[in-house]
Amino acid sequence: MVTPKASAELPTPLARTRLYEQVAEQITAWIRQNGLQAGDRLPPERELAARLGVSRATLSQALVAMEVVGVVVVRHGDGTVLTGKHTESRIVEAIRAHADRMPEIIDIRDALETKIAALAAQRRTEDDLVAIDAALDMMEDAITRGDRGVEADEHFHAAVTAAAHSDLLAQTMREIASLIRESRIESLSQPGRPRNSLSGHRAIADAIRGQDPEAAAAAMHAHVEMVSDVALLRDQGRDAGQGEGR
């Protein structure tokens, strides 16, 4: 019998494939098999879930993951539309790369945007308040129409950044905008999140209007903490716990 050397490395555990990742792969394969192209729509979620034999919740999570990595775009009133990037053969790897960088995106948002909110409270002008209020109205309208309000959310945070009157911070935010958009799509796809996010925006706006830097920073920190609670990271935590118990 051969005795393994004490210094031999143990095999690395295989990565767990989550159900929504498997569903994303199935959808991508189905798209290829049916020759769908950019601009084509996927079947309604209820029908697609039935075809794949999965719950609506799992399908929805898979579609959000696919939207984040650019395979589809969800348009209010128009369904889930292909972008033309569905030929990507490594969709699970792309989804996992997004999941891996999410905690860092949240960290940098918290660090930068809390400072931006505090500066906005100190430096805002009346024109800045008009832009912030317009973004709030835009998000209220989007949510009322049943939309998630991703673009309105972007407008709000851009208006707060502009109100800070810091060219370097504004440039930094522009450079990481695509990464923040990933986390924004993920967050605003959570049930009830758009309305909760709007409430957070209103608290931030009130503190900026009141020229209270500490309250503005605290409101932004609370907002970033709230929007960072996403199903993808909760699933990662469960997987880690399961791995420890094995």
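Each residue takes its place number in the sequence, starting with 1.
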Asker: Could you list the donor-acceptor pairs under 3.5 angstrom formed by side chains in residues 198-208, with sequence neighbours left out?
Answerer:
| unit_1 | atom_1 | unit_2 | atom_2 | d |
| --- | --- | --- | --- | --- |
| S199 | OG | R195 | O | 3.3 |
| H201 | NE2 | D153 | OD2 | 3.3 |
| H201 | NE2 | H157 | NE2 | 3.3 |
| H201 | NE2 | H223 | NE2 | 3.3 |
| R202 | NH2 | E140 | OE1 | 3.1 |

Asker: Could you state the interatomic distance from OG (S228) to CE (M102), rounded to the nearest 0.5 Å?
Answerer: 7.5 Å

Asker: Any salt bridge (charged side-chain N to carboxylate O under 4.0 Å, His left out) involving residues 162-172? Give me the pairs, sequence neighbours left out, ordered by first then second residue.
Answerer: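 The answer is none; no pair qualifies.
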
Asker: Return yes if some donor-acceptor pair links the side-chain N/O of Q190 with the main-chain N/O of E186 below 3.5 Å, else return no.
Answerer: yes

Asker: Do Q22 and V54 come within less than 4.5 Å of each other through their side chains, counting heavy atoms only?
Answerer: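 Q22 vs V54: side chains apart.
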
Asker: Should K115 and M220 be marked as a side-chain contact (heavy atoms from CB on, under 4.5 Å) after you check the CA-CA gap, both sets of side-chain angles, and the distance that decides it?
Answerer: CA-CA 9 Å; K115 180 63 175 179; M220 182 64 82; over 6 Å; no

Asker: Using the ring pair (Phe, Tyr, Trp, His ring centres under 6.0 Å) rule, collect all pairs that involve residues 28-68, keeping only residues at least two apart or in two chains.
Answerer: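 Residue pairs with at least one partner in residues 28-68: there are none.
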
Asker: Measure the spacing between CD of Q61 and CG of L19 and express it to the nearest 0.5 Å.
Answerer: 8.5 Å

Asker: Is the side chain of R181 donor-acceptor paired with the backbone N or O of V150 at a distance under 3.5 Å, no angle test?
Answerer: no

Asker: Can you check side-chain contact (heavy atoms from CB on, under 4.5 Å) on I176 and L112, steps first, answer last?
Answerer: CA-CA 11 Å; I176 63 173; L112 291 177; 3.9 Å; yes

Asker: How would you list, by chain and number, every residue that makes a salt bridge (charged side-chain N to carboxylate O under 4.0 Å, His left out) with E67, sequence neighbours excluded?
Answerer: R148

Asker: Identify, with sequence neighbours excluded, every residue that meets side chain to side chain donor-acceptor pair (under 3.5 Å) alongside T172.
Answerer: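 By the side chain to side chain donor-acceptor pair (under 3.5 Å) rule, T172 matches no residue at all.
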
Asker: Looking at H221, is its backbone amide N or carbonyl O close enough to the side chain of T114 to form a donor-acceptor pair, meaning the two atoms are under 3.5 Å apart?
Answerer: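 Flag not set: sc T114 to bb H221 has no pair under 3.5 Å.
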
Asker: Using the side chain to side chain donor-acceptor pair (under 3.5 Å) criterion, which residues pair with R174? Sequence neighbours excluded.
Answerer: none

Asker: Restricting to side-chain contact (heavy atoms from CB on, under 4.5 Å), what partner residues turn up for A162, sequence neighbours left out?
Answerer: none

Asker: For side-chain contact (heavy atoms from CB on, under 4.5 Å), just list the numbers for D128 and R123, CA-CA rounded to whole Å, side-chain angles, deciding distance to a tenth of an Å, and then say yes or no.
Answerer: CA-CA 9 Å; D128 291 327; R123 301 173 179 176; over 6 Å; no

Asker: List in chain and number order the residues that pass salt bridge (charged side-chain N to carboxylate O under 4.0 Å, His left out) with E104, two or more places apart in sequence or in another chain; answer none if no residue qualifies.
Answerer: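 Scan of E104 (salt bridge (charged side-chain N to carboxylate O under 4.0 Å, His left out), adjacent residues dropped) gives none.
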
Asker: What's the separation between atom CD1 in I132 and atom CG in D137, rounded to the nearest 0.5 Å?
Answerer: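 These two atoms lie 12.0 Å from each other.
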
Asker: Does some side-chain heavy atom of I27 sit less than 4.5 Å from a side-chain heavy atom of L59?
Answerer: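 Yes, close enough: below the 4.5 Å cut-off.
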
Asker: So which heavy atom on I116 is nearest to which on V160, and how close?
Answerer: CG2-O, 3.8 Å

Asker: Taking T80 for the side chain and V74 for the main chain, is one N or O donor matched with an acceptor at less than 3.5 Å?
Answerer: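 No.
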
Asker: In this structure, are over 12 heavy atoms from other groups packed under 6.0 Å from E151 atom CD?
Answerer: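 It does not: E151 CD has 12 such atoms or fewer within range.
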
Asker: More than 12 heavy atoms of other residues, nucleotides or ligands under 6.0 Å from CD of E175: is that the case?
Answerer: yes

Asker: Applying salt bridge (charged side-chain N to carboxylate O under 4.0 Å, His left out), can you list everything that pairs with D107, at least two apart in sequence or on another chain?
Answerer: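 D107: no salt bridge (charged side-chain N to carboxylate O under 4.0 Å, His left out) contacts found.
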
Asker: Can you name the side chain to side chain donor-acceptor pair (under 3.5 Å) partners of R56, sequence neighbours left out?
Answerer: none

Asker: Any donor and acceptor pair, going by atom type alone, linking the side chain of R124 with main-chain N or O of Q211 inside 3.5 Å?
Answerer: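 No; judged by distance alone, with no hydrogens or angles, the pair does not exist.
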
Asker: Taking only residues two or more places apart in sequence or in another chain, which ones pass salt bridge (charged side-chain N to carboxylate O under 4.0 Å, His left out) with D141?
Answerer: R145

Asker: Any idea which heavy atoms bring I106 and V224 closest together, and the distance?
Answerer: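 Here I106 and V224 meet closest at O-CG1, 4.0 Å.
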
Asker: Taking ILVMFWY side chains as joined if any heavy atoms are under 4.5 angstrom apart, and letting links pass through other members, which residues group with V81?
Answerer: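 Same cluster as V81: V73.
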
Asker: Yes or no on side-chain contact (heavy atoms from CB on, under 4.5 Å) for M139 and H155, after CA distance, side-chain angles and deciding distance?
Answerer: CA-CA 9 Å; M139 191 162 190; H155 277 278; over 6 Å; no

